[in-house]
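First up is the structure itself, then whatever we jot down about it.
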Amino acid sequence: MATPPAGPHVSWSARCAGAAAATIAWLAVRCLRFDRTVWLVQHLVSGTGRRLATAREAEAMLRAIDEGAAWLPMRVACLERSLAAVLLAAGWRRAITWCYGVRARPPLTMHAWISTPTGPVGEREEHIAARRIAPRRKT
């Protein structure tokens with residue numbers, strides 16, 4: 001189970017939304033092929049009417065997911081957490097970039113995270129992104 005980080009207060013409704021997004025992400029990772037999950041994210045981030053989330057909004061989404069995931073009986077790791085953030089952002093009419101790749105320094109492991117135009121959210125720049133699924137900019 002995830003342990004919520006210390007930080008600003010997260011409302012009860014945001015925690016519930018975070019728990020719901022984490023549950024859907026957990027199910028998607030286990031029930032869908034990964035290419036179907038990628039397809040889903042591509043469609044979620046390319047939807048019209050969404051503006052890019054700010055770093056502060058993305059941090060708030062991750063806090064809500066972390067605190068909501070603390071209620072869940074399953075493990076919400078980086079893949080589920082980042083996917084849940086994309087789902088939560090879509091529900092809040094925002095768009096964020098979903099990234100997955102390999103940690104650049106040993107131990108070499110797979111990792112997933114989210115990013116905004118200002119850079120990775122809650123992550124250090126120690127990853128080599130194998131793939132970034134970014135929202136399309138309005139023209």
Side-chain angles (χ1 to χ4, degrees):
M1 294 194 336
T3 303
H9 174 71
V10 176
S11 70
W12 188 82
S13 61
R15 286 181 196 173
C16 289
T23 301
I24 293 167
W26 187 86
L27 288 169
V29 166
R30 278 146 188 86
C31 297
L32 297 176
R33 292 188 340 226
F34 193 69
D35 63 327
R36 299 286 184 190
T37 303
V38 169
W39 178 87
L40 172 70
V41 171
Q42 286 172 331
H43 282 76
L44 285 175
V45 301
S46 66
T48 59
R50 293 187 179 96
R51 70 170 178 78
L52 294 175
T54 64
R56 179 171 282 184
E57 290 171 332
E59 288 170 3
M61 288 177 217
L62 290 176
R63 274 195 312 276
I65 291 162
D66 291 342
E67 292 202 17
W71 294 344
L72 302 176
M74 65 270 207
R75 180 174 181 251
V76 177
C78 63
L79 183 61
E80 295 88 356
R81 182 180 187 240
S82 60
L83 181 55
V86 171
L87 297 171
L88 196 56
W92 289 353
R93 306 297 293 163
R94 303 290 182 268
I96 55 176
T97 301
W98 186 48
C99 310
Y100 56 92
V102 179
R103 197 178 301 257
R105 295 185 199 149
L108 299 176
T109 58
M110 294 295 294
H111 189 55
W113 65 99
I114 60 169
S115 183
T116 63
T118 59
V121 178
E123 300 287 334
R124 295 182 301 275
E125 285 281 353
E126 63 180 34
H127 306 288
I128 299 172
R131 181 83 188 261
R132 291 180 184 262
I133 302 177
R136 292 185 196 150
R137 297 194 186 270
K138 292 182 183 177
T139 56

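Residue Trp26 holds its CH2 atom at 5.5 Å from CE of Met74, rounded to the nearest 0.5 Å. Thr116 OG1 to Glu59 CD: the interatomic distance, rounded to the nearest 0.5 Å, is 8.5 Å. Here Cys16 contributes atom SG and Glu67 contributes atom CD; the two are 11.5 Å apart, rounded to the nearest 0.5 Å. Put simply, SG on Cys31 and CD1 on Ile24 are 12.0 Å apart, with the number rounded to the nearest 0.5 Å. Distance check, rounded to the nearest 0.5 Å: CH2 of Trp92 to CG of Leu87 gives 12.0 Å. Interatomic distance, Leu40 CG to Leu83 CG, rounded to the nearest 0.5 Å: 7.0 Å.
When all heavy atoms are compared, the tightest approach of Ala22 to Val76 is CB-CG2, 4.1 Å. Minimum heavy-atom separation, Leu52 to Pro117: CD1-CG, 3.7 Å. Listed here is the closest heavy atom pair of Pro120 and Ser115: N-OG, 3.6 Å. Among all heavy-atom pairs drawn from Arg75 and Ala77, the shortest one is NH1-CB, 3.5 Å. Nearest heavy-atom pair across Ala84 and Ala25 is N-CB, 3.6 Å. Closest approach of Ala64 and Val10 over heavy atoms only: CA-CG1, 3.9 Å.
No side-chain heavy atom of Arg15 sits under 4.5 Å from any side-chain heavy atom of Arg63. The closest side-chain heavy-atom distance from His111 to Tyr100 is not below 4.5 Å. Looking at Leu72 and Thr23, their side chains come closer than 4.5 Å, going by heavy atoms from C-beta outward.
By the salt bridge (charged side-chain N to carboxylate O under 4.0 Å, His left out) test, Glu57 is found to be paired with Arg51, Arg94, residues two or more places apart in sequence or in another chain being considered.
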Quiz item: Going through the distances and angles, do Thr37 and Trp98 end up as a side-chain contact (heavy atoms from CB on, under 4.5 Å)?
Solution: CA-CA 11 Å; Thr37 303; Trp98 186 48; 4.3 Å; yes
Quiz prompt | Step-by-step side-chain contact (heavy atoms from CB on, under 4.5 Å) determination, Thr97 to Ile114 | solution = CA-CA 6 Å; Thr97 301; Ile114 60 169; over 6 Å; no
Self-check item: Derivation of the side-chain contact (heavy atoms from CB on, under 4.5 Å) call for Val121 and Leu62
Solution: CA-CA 9 Å; Val121 178; Leu62 290 176; 3.8 Å; yes
Quiz item: Stepwise, does the side-chain contact (heavy atoms from CB on, under 4.5 Å) test hold for Met61 with Arg56?
Solution: CA-CA 9 Å; Met61 288 177 217; Arg56 179 171 282 184; over 6 Å; no
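Val38 and Leu32 fall into different hydrophobic clusters, defined by Ile, Leu, Val, Met, Phe, Trp and Tyr side-chain heavy atoms under 4.5 Å apart, directly or through other members.
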